[in-house]
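To keep things clear, I will list the structure first and then write my remarks on it.
In each ligand, atom 1 is the first atom listed, and ligand 1 is the first ligand listed.
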Amino acid sequence: MGSTERIRSVAKRVAKWARAGHRMVVVPSAMSGETNRLLALAKELAPTQSTPAQMRELDMIAATGEQVSVGLLAIALQAEGLDAVSYAGWQVPITTDSAFTKARIQSIDQRRVMADLDAGKIVIIAGFQGVDGAGNVTTLGRGGSDTSAVAVAAALKAAECLIYTDVDGVYTTDPRVVPEARRLKAISFEEMLEMASLGSKVLQIRSVEFAGKYKVPLRVLSSFAEGPGTLITYEDSAMEAPLISGIAFNRDEAKLTVRGVPDKPGIAAHILGEIGKANINVDIIVQNVGADGTTDFTFTVHRGEYQKAMGVLKQVAQALKAREVVGDDKIVKISVVGVGMRSHAGIASQMFKALADEGINIQMISTSEIKISVVVEEKYLELGVRSLHTTFGLDQPEAAA
Ligand code: ASP
Ligand code: MG
């Protein structure tokens, strides 16, 4: 919702459905750029906010963006001749924990909303915000209105949750890397979560977790263009799953290796324990088969935490009398994702062969039931993603459903 003109067009779309007999709840986010503008104001007054008291005020400020949106949308709907009413999160109420700037929804009281719907009103609820047990305004983290919408849909047992955003769906991979990437008609919740590195640019990933947990079918659609978008749903027979749904990648990784650690129980737990204490999340972990009583231990972390992890690991290595610590922050992770993998052997070898044919060396491998990830040198990202996209037949137009 970039302008009042856009809000008017949203209202017209909603009005069309209302006239077709749908009962609807609309969950807008702030007008584009507004949340950034509001948070920048706080920054002008104090460059950083980190105490709970400061974070509380950030939420107080940021939540106003959505409050403006809901009021404006209600006005626009009333101008269309419809009965509409808007609510801030605390008025519903949408109850959250007290983790300011990244609160989690605990419950949604659907009574007031249901009464309005029963009375023929269109209900507009502010996204991104809630209220904690002590009555403080909270927000759900950037992009959180997606999660608000799914949570409201789950609470009201809605038939479907439509998310209008600035892309027209979920793609087989990032079209900036592979121009032949195409929009998926459907993808399962699980695949969408595995595609997080791509998918999180489309939806707040927590909204997908929520939708999966409560089985709320989600559809991602463009706010600017007509089109069917992408349905994110549970796996069923109607969803003739392709072998591979997409190629995800992540440029934000770095790897660290500690060489020559004693090969005995408790070492991995000790190393990762220290990394965990420093609040660093670990992604892929590989430990070699030991030889001569020692082994090598490698793991990846977010690139932004590479130096910090290196510092911790050097201390741990010294204490363990390990031989050396080495690292590399010029790596990327590429993953093939697909529920079809469950029932098909040979996907891994096909993937590794495609990479080998391009002369790309695989440094680490990790798998889950529906995903195979490899770590490769950063310079091979585009080549690797493109060749896998072709290998798994994703360049071709999708068969008619
Ligand atoms: N306005 C909030 C943000 O910018 C929430 C959202 O857009 O989903 O993060
Ligand atoms: Mg958004």
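In terms of polar-atom proximity, defined here as any N/O pair under 3.5 Å, E66 does make such a contact with ligand 1.
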Could you go step by step and tell me if I271 and E274 meet the side chain to side chain contact (heavy atoms under 4.5 Å, CB included) rule? CA-CA 5 Å; I271 296 173; E274 294 303 310; over 6 Å; no

Might you work through the side chain to side chain donor-acceptor pair (under 3.5 Å) test for S368 and E194, ending with a clear yes or no? CA-CA 9 Å; S368 79; E194 293 285 16; 3.1 Å; yes

Apply side chain to side chain contact (heavy atoms under 4.5 Å, CB included) to the pair M364 and V374, showing each step before the final yes or no. CA-CA 6 Å; M364 297 170 85; V374 295; over 6 Å; no

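Contacts of S145 with ligand 1, taken as heavy-atom pairs under 4.0 Å, involve both backbone and side chain.
Distances shorter than 4.0 angstrom occur between a heavy atom of G144 and an atom of ligand 1. Assignment of G65 to the shell around ligand 1 is not supported, since no heavy atom sits closer than 4.0 Å. Contact annotation: E34 has no heavy atom less than 4.0 Å from any atom of ligand 1.
Atom CG in D357 sits 13.5 Å away from atom CZ in F352 (nearest 0.5 Å). Separation of atoms CD (Q129) and CD (Q67) is listed at 6.5 Å; rounding is to 0.5 Å.
Residue-ligand proximity, G143 to ligand 1, at heavy-atom distances under 4.0 Å covers atoms 3 (C), 5 (C), 6 (C), 8 (O), 9 (O). Each of the atoms 3 (C), 4 (O), 9 (O) of ligand 1 lies under 4.0 Å from some heavy atom of R142. Annotation for ligand 1: atoms under 4.0 Å from non-hydrogen atoms of S29 are 6 (C), 7 (O), 8 (O).
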Taking only distance into account, with no hydrogens and no angle test, what donor-acceptor pairs under 3.5 Å do side-chain atoms of residues 51-65 form with protein atoms, sequence neighbours excluded?
from	atom 1	to	atom 2	distance (Å)
T51	OG1	Q54	N	3.1
T51	OG1	Q54	OE1	3.2
Q54	OE1	S50	N	2.7
Q54	OE1	T51	N	3.0
R56	NE	N136	OD1	2.8
R56	NH2	N136	OD1	3.2
D59	OD1	T101	N	3.1
D59	OD1	T139	OG1	2.8
D59	OD2	T101	N	2.8
D59	OD2	T139	N	2.9
T64	OG1	I61	O	2.7

